[in-house]
*Asks:* 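Can you read through this structure? Questions will come right after.
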Amino acid sequence: MTQHVSPPRDGTGKAAPLDGPPAWRVRFGRADVRTLTLLGVLAVLVLIGGITQPDSFLDTNNLQLVLTQASVIGVVTVGMTFVIVSGGIDLSVGAIVALSSVWATTVATQEYGFAGILFTAIVVGVGCGLVNGLLISFGGMVPFIATLAMLASARGLALQITDGRTQVVTVPSVLDLAERDSYVLGIPPLVLVFAAVTGVGWLVLNRTTFGRRTVAVGGNAEAARLAGIDVRRQRLYLYLLSGLCCGIAAFLLVALAGSGQNTNGNLYELDAIAAAIIGGTLLTGGRGHIIGSVLGVLIFTTITNIFALNNLQTDVQQIAKGAIIVAAVLVQRRTASTH
């Protein structure tokens, strides 16, 4: 009696051609093309900056500034990428950065020095993430609504704490992080922190069970639940992670600006979402790329820098960013429809 053997299947459940390349090779190939494309876009922007403002843009101080400015929103974007991969969204990241920065720069907090500011920023960020996670995971609230409520609440509390005034940092060890004397081999400490967060984020998403569970929840939450994954707890952890990244970013922003303000982190949520999208992260969840998100951050930061050096209006800059986002989404849809 002849035994019927089912054809091997790829990650999408479709029958894979027997003579075709392995599914893992196809996926890595797509990721490589995406990364190379983003690197190409970044290279073109650097070329444009070098042509339009060769003396200013290519100056070492300016390039260090671009990387430093990218570090703050970059750390937020790493956390946002995890949330989006899981099928969620976090509209409150900018407000959490603001609240963490002003709470960490109150007179009472600054009395505890460097450790007090860092600890407070992280605790406030994680606390806000905990509230978001509990409302979404165990309260049954839609992520959009829960994080929108946190956005309004955190902004309001930040304004109440500062009473609309700027809180100046007086702790020398914090301010020194933005000084050239603290650079390591010409690299600002804030950039090193960003690189460390990126490295850890990549490892967690791509090389750990936590990362695989995150992708599974974003791909199909019900299937993940049936496979034994505690979906509610996983989502709680992800919003805690997002809050942690916001706390770290708030500390970096305090060190960079030398102050805490209730207007800090304005529109960070939109920049982080946009960077993740053009980096290849699907808004519907189930797929994301930390390196792509970081390249997205660098692309947007470079655009901002080029526009500033050429004294171009902000509205034109926003139009350019919007066009890039639309193009990235269209490419994602085309890629999804052809595979």
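All of these numbers come straight from a predicted model, not from anything done at the bench.
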*Asks:* So, do F251 and F114 have ring centers that fall under 6.0 Å from each other?
*Replies:*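 Judged by ring-centre distance (under 6.0 Å), F251 and F114 do meet the cut-off.
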
*Asks:* Ignoring hydrogens and angles, state whether a donor on the side chain of T162 or Q261 is under 3.5 Å from an acceptor on the partner side chain.
*Replies:*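 There is no such pair between these side chains.
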
*Asks:* Under 3.5 Å, is there a donor-acceptor pair between the T301 and T304 side chains?
*Replies:*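 Looking only at side-chain atoms, T304 and T301 do not form any donor-acceptor pair under 3.5 Å.
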
*Asks:* Does atom CZ of F138 have more than 12 heavy-atom neighbours from other groups under 6.0 Å away?
*Replies:*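 Atom CZ in F138 is packed in, count exceeds 12.
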
*Asks:* Check the side chains of N264 and S101 for a donor-acceptor pair under 3.5 angstrom, ignoring hydrogens and angles.
*Replies:*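 Short answer, yes.
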
*Asks:* Quiz question: by atom type and distance under 3.5 Å, do the side chains of D90 and S242 form a donor-acceptor pair?
*Replies:*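 Side chains of D90 and S242: pair found under 3.5 Å.
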
*Asks:* Sub-3.5 Å donor-acceptor pair from the side chain of N262 to the main-chain atoms of G164, do we have one?
*Replies:*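 No; zero donor-acceptor contacts below 3.5 Å.
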
*Asks:* Suppose we screen for ring pair (Phe, Tyr, Trp, His ring centres under 6.0 Å). Which residues come up paired with F119, at least two apart in sequence or across chains?
*Replies:*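 With neighbours one apart ignored, the set is empty.
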
*Asks:* Regarding R212 and N206, is there a side-chain donor-to-acceptor distance under 3.5 Å anywhere?
*Replies:*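 Result is no, nothing qualifies.
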
*Asks:* Could you verify whether a donor N or O on one side chain and an acceptor N or O on the other, from T81 and S293, lie under 3.5 Å apart?
*Replies:*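 S293 and T81 do have a side-chain donor-acceptor pair below 3.5 Å.
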
*Asks:* Got a sec, which pairs hit side chain to side chain donor-acceptor pair (under 3.5 Å) with one end in residues 116-138, sequence neighbours left out?
*Replies:*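 Residue pairs with at least one partner in residues 116-138: S92-N132.
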
*Asks:* Mind checking the CZ-OH spacing from R232 to Y237? Nearest 0.5 Å is all I need.
*Replies:*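 So the gap between those two atoms works out to 12.5 Å.
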
*Asks:* Evaluate the side chain to side chain contact (heavy atoms under 4.5 Å, CB included) criterion for residues Y268 and L253: first the C-alpha distance (whole Å), next the side-chain angles of each, then the deciding distance (0.1 Å), finally the verdict.
*Replies:* CA-CA 12 Å; Y268 272 20; L253 185 58; 4.1 Å; yes

*Asks:* To the nearest 0.5 Å, tell me how far T37 OG1 sits from I278 CD1.
*Replies:*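 Output value for this atom pair is 11.5 Å.
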
*Asks:* CG of L244 to CG of L130: how many Å apart, nearest 0.5 Å?
*Replies:*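 Rounded to the nearest 0.5 Å, the CG-CG separation comes to 12.5 Å.
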
*Asks:* Do I161 and L159 belong to the same hydrophobic cluster, where Ile, Leu, Val, Met, Phe, Trp and Tyr are linked whenever their side-chain heavy atoms lie under 4.5 Å apart, directly or via other members?
*Replies:*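 No, I161 does not connect to L159 through the hydrophobic network.
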
*Asks:* Using modelled atom types only, decide if a donor and an acceptor are shared between the side chain of S100 and the backbone of I96 within a distance under 3.5 Å.
*Replies:*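 Yes, S100 side chain to I96 backbone: donor-acceptor pair under 3.5 Å.
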
*Asks:* For the atom pair SG (C246) and CE (M80), what is the distance rounded to the nearest 0.5 Å?
*Replies:*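 With rounding to 0.5 Å, SG (C246) is 7.5 Å from CE (M80).
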
*Asks:* To the closest 0.5 Å, what do you measure between OG1 (T35) and CG (L39)?
*Replies:*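 Answer for the OG1-CG pair, T35 versus L39, is 6.5 Å.
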
